[in-house]
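These notes concern the structure reproduced below.
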Amino acid sequence: MIIAIDGPAAAGKGTLARRLADEFGFAYLDTGGLYRAVGLSVLRAGGNPADAGVAEEQSKALDLALLSDPELRAEETGNAASKVAALPGVRANLLEFQRNFAVSPPEGRPGAVLDGRDIGTVVCPNADLKLFVTASAEVRAKRRFKELEERGVEPDFHVILADVRERDERDMNREDAPLKPAEDALLLDTSNLDIDAVFLRAAALVKERMAPQ
């Protein structure tokens with residue numbers, strides 16, 4: 001079974017995806033982490049994340065060990081990820097890896113949960129269940145603010161909100177695989193819901209899809 005979860009930054013899709021994977025014993029892939037790893041590679045190489053040539057080169061030689069690097073969650077890395085993700089060559093280089101993960105989950109798991117920006121529309125258009133998780137820009141900025149505070153950073157809310165809106169604009173208006181719900185995706189707005197409520201709704205949907213199998 002393949003579950004595709006899409007949505008903008010800080011909407012809660014990653015937390016939901018991990019919980020669903022744990023609940024049903026499925027493999028989990030944070031596809032945004034792949035783009036963050038490419039962005040981080042470009043930054044460490046001293047390159048510009050918007051430079052297609054540099055970004056594509058780094059995506060071809062991607063070191064998966066970067067997926068556990070502490071700097072992967074840094075704001076600078078997130079912005080770099082949004083820029084490299086807008087490049088068709090980078091997306092093409094990472095597409096096969098994502099599709100193979102979905103079709104043949106590691107460790108013989110009975111299913112896979114992938115979250116990102118284009119899972120239901122491009123990576124896994126035939127997924128058994130597609131969810132589009134979203135929330136208002138203000139709510140997402142508050143979540144990011146709190147997350148940074150908990151790491152000991154002193155963030156500026158207005159800067160974070162501006163970054164969230166800028167990334168939304170870039171993700172939704174890029175030419176290749178823009179962020180948008182798949183036509184058959186189910187919308188989950190988490191603006192006024194806590195993660196437990198969102199999880200219960202999503203888990204019920206997974207059980208419904210598994211029932212006929």
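Looking at every heavy atom in both residues, Gly47 comes nearest to Val54 through CA-CG1, 4.4 Å. Nearest heavy-atom pair across Ala85 and Arg91 is O-NH1, 2.7 Å. Nearest heavy-atom pair across Leu66 and Ser41 is CD1-OG, 3.0 Å. Considering all non-hydrogen atoms of both residues, Pro49 and Leu43 come closest at CG-CD2, 3.9 Å. Ala55 and Val38 get closest at one heavy-atom pair: O-CG1, 3.8 Å. In plain terms, the two heavy atoms of Pro8 and Val133 that are nearest each other are CD-O, 3.3 Å.
Just one of Glu166, Arg36, Arg167, Arg170 meets the side chain to side chain donor-acceptor pair (under 3.5 Å) condition when paired with Ser82; it is Arg170. For the salt bridge (charged side-chain N to carboxylate O under 4.0 Å, His left out) criterion with Arg151, the lone passing option out of Glu147, Glu149, Glu154 is Glu147.
Side-chain contact between Ile119 and Gln98 is present, with heavy atoms from C-beta onward closer than 4.5 Å. No side-chain heavy atom of Leu188 sits less than 4.5 Å from a side-chain heavy atom of Phe132. No side-chain heavy atom of Asp6 sits under 4.5 Å from any side-chain heavy atom of Leu131.
Using a 4.5 Å cut-off between side-chain heavy atoms of Ile, Leu, Val, Met, Phe, Trp and Tyr, with links allowed through other members, Met1 and Leu114 fall into different hydrophobic clusters. Placement of Val153 and Val164 within a single hydrophobic cluster is found when ILVMFWY residues are connected by side-chain heavy-atom separations under 4.5 Å, directly or transitively. Taking hydrophobic clusters as Ile, Leu, Val, Met, Phe, Trp and Tyr residues chained together by side-chain heavy-atom distances below 4.5 Å, Leu187 does not share a cluster with Val113. Both Tyr35 and Leu29 belong to a common hydrophobic cluster when Ile, Leu, Val, Met, Phe, Trp and Tyr are linked at side-chain heavy-atom distances under 4.5 angstrom. Connection of Val198 to Ile5 is established within a shared hydrophobic cluster, with ILVMFWY side chains joined at heavy-atom distances below 4.5 Å, either directly or through further cluster members.
The distance from atom CG of Leu40 to atom CG of Leu67, rounded to the nearest 0.5 Å, is 10.0 Å. Between atom CD1 of residue Ile2 and atom SG of residue Cys124 there is a gap of 5.0 Å, rounded to the nearest 0.5 Å. Here the CG atom belonging to Leu34 is positioned 9.5 Å from the CZ atom belonging to Phe101, to the nearest 0.5 angstrom. Summarising the geometry, atom CG belonging to Leu94 is positioned 9.0 Å from atom OG1 belonging to Thr31; distances are rounded to the nearest 0.5 Å. For the atom pair Leu148 CG and Asp156 CG, the distance stands at 11.0 Å (nearest 0.5 Å). Atom-to-atom distance recorded for Ser191:OG and Glu138:CD is 9.0 Å, nearest 0.5 angstrom.
Side-chain atoms of Thr134 never come within 3.5 Å of backbone atoms of Asp189 as a donor-acceptor pair (strictly under, hydrogens ignored). The main-chain N or O of Gly111 is never found under 3.5 Å from a side-chain atom of Arg109 such that the two would form a donor-acceptor pair. A donor-acceptor pair is defined here as one N or O able to donate and one able to accept, closer than 3.5 Å; such a pair exists between the side chain of Ser136 and the backbone of Val139. Between the side chain of Asn93 and the backbone N or O of Ser59 there is no donor-acceptor pair closer than 3.5 Å. Remark: the backbone N or O of Asn48 is not paired with any side-chain donor or acceptor of Lys83 at under 3.5 angstrom. With Thr77 contributing its side chain and Arg73 its backbone, the two residues share no donor-acceptor pair below 3.5 Å.
Here Val103 pairs with nothing under the side chain to side chain contact (heavy atoms under 4.5 Å, CB included) rule; sequence neighbours left out. Under the rule for a ring pair (Phe, Tyr, Trp, His ring centres under 6.0 Å), the partners of Phe24 that lie at least two apart in sequence or sit in another chain are Phe26. In this structure, the side-chain hydrogen bond (donor to acceptor under 3.5 Å, both in side chains) partners of Arg44, at least two apart in sequence or on a different chain, are Asp69, Glu71.
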* Determine, stepwise, if the pair Leu129 / Leu186 fulfils side-chain contact (heavy atoms from CB on, under 4.5 Å). => CA-CA 8 Å; Leu129 175 63; Leu186 300 172; 4.0 Å; yes
* Step by step, work out the side-chain contact (heavy atoms from CB on, under 4.5 Å) result for Ile160 and Asp163. => CA-CA 5 Å; Ile160 293 175; Asp163 283 345; 5.5 Å; no
* **Ile3 and Asp115: CA distance, side-chain angles, deciding distance, side-chain contact (heavy atoms from CB on, under 4.5 Å) verdict** => CA-CA 8 Å; Ile3 302 173; Asp115 78 72; over 6 Å; no
* To do: Could you please spell out the steps behind the side-chain contact (heavy atoms from CB on, under 4.5 Å) verdict for Phe97 and Leu64?
  => CA-CA 11 Å; Phe97 177 88; Leu64 293 180; 4.0 Å; yes
* For Arg19 and Asp196, run salt bridge (charged side-chain N to carboxylate O under 4.0 Å, His left out): C-alpha distance rounded to whole Å, both residues' side-chain angles, the deciding distance at 0.1 Å, then the answer. => CA-CA 10 Å; Arg19 286 191 61 173; Asp196 290 331; 2.7 Å; yes
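Between Lys13 and Asp30 there is no salt bridge, since no side-chain N of the basic residue sits under 4.0 Å from a carboxylate O of the acidic one. Here Arg140 pairs with Asp168 in a salt bridge; the nearest charged N to carboxylate O distance falls below 4.0 Å. Checked for salt-bridge contact, Asp128 and Arg209 miss the test: no charged N lies under 4.0 Å from a carboxylate O. The pair Asp171-Arg117 meets the salt-bridge criterion, since a charged nitrogen lies less than 4.0 angstrom from a carboxylate oxygen.
Residue Glu76 places its CD atom among 12 or fewer non-hydrogen atoms of other residues, nucleotides or ligands, all under 6.0 Å distant.
Side-chain contact, Tyr28 with Asp22: no donor N or O sits under 3.5 Å from an acceptor N or O. There is no side-chain donor-acceptor pair under 3.5 Å between Arg99 and Ser104.
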